[in-house]
Peer 1: 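Here it is, the structure in full.
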Amino acid sequence: MSDLTRFPITARWPAEDPGVIQLYSFPTPNGVKVSIALEELGLAYEPHLVTLSDTDVKSPAFLSLNPNNKIPAIIDPDGPEGPLGLFESGAILLYLAEKTGKLAGRNAAEKAVVTQWLMFQMGGLGPMLGQLGFFVKFAGAAIEDPRPRDRYVSEARRLLAVLEGALEGRDWIAGEYSIADIAIVPWLRALDFYGARELVGWADHPNLVAYLDRFLARPAVQKGLNIPARPA
């Protein structure tokens, strides 16, 4: 049995089965990426609910694993050189794909394309749609100056147009289903939660509408979106 006691986070979120991957997350677009990937890859894991409140993500226990105080994070008891703690959703997706040899392309060229679209999400789509949500649904919605919201609406439309064009004639963004899709689609799904679909002209993107439906129909995606995580 693996000994995870050197990870202080396990004192607050104890592992029932320290022999499987420990997932510390919350069902945000970034958070569900990892649970979906774990389900798609068939990896055993134990989910722990880490809320977005300061009492959780800024607690000494959580900061010991992720000093950037953001979900998700994992501990893999079967890491390449012993138990491994890891944060940043994109880094975790790459790690899990490399660990299993799945969902990241079959050769160097395919892997490069998958990584390209993963970086598109990490550096562009996620941050921009997250800011859009802030100015449409959350505290930023109270700001009277329309320029901040208009800036992110415009950028969201631009990024959606990029994806719409890239999906012409294909089911998945990098050709075959991959971690790039797992990274991208939860953010597209979030537009409905933000109440921003009409603002960004969602209905004018038929390839994206079908893409989201295709993704949500996958059994592993449905499981990964609804994990029964244990709170601290």
Side-chain angles (χ1 to χ4, degrees), residues 4 6-15 21-41 43 45-77 79 83-99 115 117-140 148 152 155-156 159 179-191 193-194 196 221 224-232:
L4 302 183
R6 71 179 182 88
F7 295 94
I9 193 171
T10 61
R12 178 165 178 175
W13 287 275
I21 292 172
Q22 303 295 306
L23 170 63
Y24 307 90
S25 193
F26 192 78
T28 66
N30 280 336
V32 299
K33 292 178 194 174
V34 178
S35 53
I36 290 171
L38 288 164
E39 291 289 346
E40 291 280 13
L41 294 167
L43 292 168
Y45 69 102
E46 185 177 326
H48 303 274
L49 185 68
V50 180
T51 72
L52 305 185
S53 69
D54 287 356
T55 55
D56 274 1
V57 293
K58 291 187 178 179
S59 66
F62 188 73
L63 291 173
S64 69
L65 183 58
N66 183 1
N68 194 37
N69 67 270
K70 304 291 183 183
I71 57 92
I74 66 167
I75 299 173
D76 182 4
L84 173 70
L86 200 60
F87 63 90
E88 282 296 329
S89 60
I92 296 171
L93 290 180
L94 286 169
Y95 170 75
L96 295 175
E98 179 69 22
K99 178 183 177 73
T115 303
W117 285 108
L118 176 63
M119 295 303 107
F120 171 86
Q121 185 278 305
M122 296 297 296
L125 187 72
M128 294 301 104
L129 295 193
Q131 291 299 322
L132 174 68
F134 177 79
F135 285 103
V136 173
K137 184 179 178 70
F138 299 111
Y152 291 109
E155 183 63 3
L159 293 167
I179 56 171
D181 302 296
I182 294 171
I184 288 169
V185 186
W187 281 102
L188 302 179
R189 177 174 175 260
L191 289 170
F193 173 71
Y194 294 152
V221 170
L225 288 171
N226 296 284
I227 55 171
R230 293 189 295 109

Peer 1: If you compare all heavy atoms of Pro29 against all heavy atoms of Pro186, which two are closest, and at what distance to 0.1 Å?
Peer 2: O-CB, 3.6 Å
Peer 1: State, yes or no, whether a side-chain contact exists between Ile21 and Leu96 at a heavy-atom distance under 4.5 Å.
Peer 2: yes
Peer 1: Mind checking the CZ-CG spacing from Phe120 to Leu159? Nearest 0.5 Å is all I need.
Peer 2: 4.5 Å
Peer 1: Would you check if Leu23 and Ile227 make a side-chain contact, meaning some heavy-atom pair closer than 4.5 Å?
Peer 2: yes
Peer 1: Is there a side-chain contact between Ile74 and Tyr45 (heavy atoms, below 4.5 Å)?
Peer 2: no
Peer 1: Could you report the tightest heavy-atom contact between Asn30 and Ile71, atom names first, then the distance?
Peer 2: CB-O, 4.4 Å
Peer 1: Kindly give the heavy-atom pair with the smallest separation between Gly224 and Ser35, and that separation in Å.
Peer 2: O-OG, 2.7 Å
Peer 1: Of all the heavy-atom pairs spanning Thr51 and Phe26, show the shortest one and how long it is.
Peer 2: CA-CD1, 3.7 Å
Peer 1: Quick check for you: to the nearest 0.5 Å, what is the distance between Leu188 atom CG and Leu129 atom CG?
Peer 2: 7.0 Å
Peer 1: Enumerate, atom names and distances included, each donor-acceptor pair closer than 3.5 Å involving a side-chain atom of residues 6-15, sequence neighbours excluded.
Peer 2:
{"from": "Arg6", "atom 1": "NH2", "to": "Pro83", "atom 2": "O", "distance (Å)": "2.6"}
{"from": "Thr10", "atom 1": "OG1", "to": "Leu4", "atom 2": "O", "distance (Å)": "3.3"}
{"from": "Thr10", "atom 1": "OG1", "to": "Phe7", "atom 2": "O", "distance (Å)": "2.8"}
{"from": "Arg12", "atom 1": "NH1", "to": "Thr55", "atom 2": "O", "distance (Å)": "2.8"}
{"from": "Arg12", "atom 1": "NH1", "to": "Ser59", "atom 2": "OG", "distance (Å)": "3.4"}
{"from": "Arg12", "atom 1": "NH2", "to": "Thr55", "atom 2": "O", "distance (Å)": "3.1"}
{"from": "Arg12", "atom 1": "NH2", "to": "Asp56", "atom 2": "OD1", "distance (Å)": "2.6"}
{"from": "Trp13", "atom 1": "NE1", "to": "Leu49", "atom 2": "O", "distance (Å)": "3.1"}

Peer 1: Tell me, with the steps shown, if Asn66 and Tyr24 meet side chain to side chain donor-acceptor pair (under 3.5 Å).
Peer 2: CA-CA 10 Å; Asn66 183 1; Tyr24 307 90; over 6 Å; no
Peer 1: Say you draw a straight line from CH2 of Trp187 to OH of Tyr194; how long is it, rounded to the nearest 0.5 Å?
Peer 2: 4.0 Å
Peer 1: Please lay out, stage by stage, how Asp76 and Leu86 fare under the test side chain to side chain contact (heavy atoms under 4.5 Å, CB included).
Peer 2: CA-CA 8 Å; Asp76 182 4; Leu86 200 60; over 6 Å; no
Peer 1: Identify the two heavy atoms, one from Phe87 and one from Ala73, that lie closest to each other, and give their separation to 0.1 Å.
Peer 2: CB-CB, 4.1 Å
Peer 1: Taking it one step at a time, do Lys33 and Ile92 satisfy side chain to side chain contact (heavy atoms under 4.5 Å, CB included)?
Peer 2: CA-CA 9 Å; Lys33 292 178 194 174; Ile92 296 171; over 6 Å; no
Peer 1: Listed by chain and number, what are the salt bridge (charged side-chain N to carboxylate O under 4.0 Å, His left out) partners of Lys137, not counting sequence neighbours?
Peer 2: none
Peer 1: Could you report the tightest heavy-atom contact between Lys58 and Leu63, atom names first, then the distance?
Peer 2: O-CD1, 3.4 Å
Peer 1: Would you indicate whether Lys70, at its atom NZ, is surrounded by more than 12 heavy atoms from other residues, nucleotides or ligands within a distance under 6.0 Å?
Peer 2: no
Peer 1: Which residue, Leu93, Leu94, Asn68, forms the side-chain contact (heavy atoms from CB on, under 4.5 Å) with Glu88?
Peer 2: Asn68
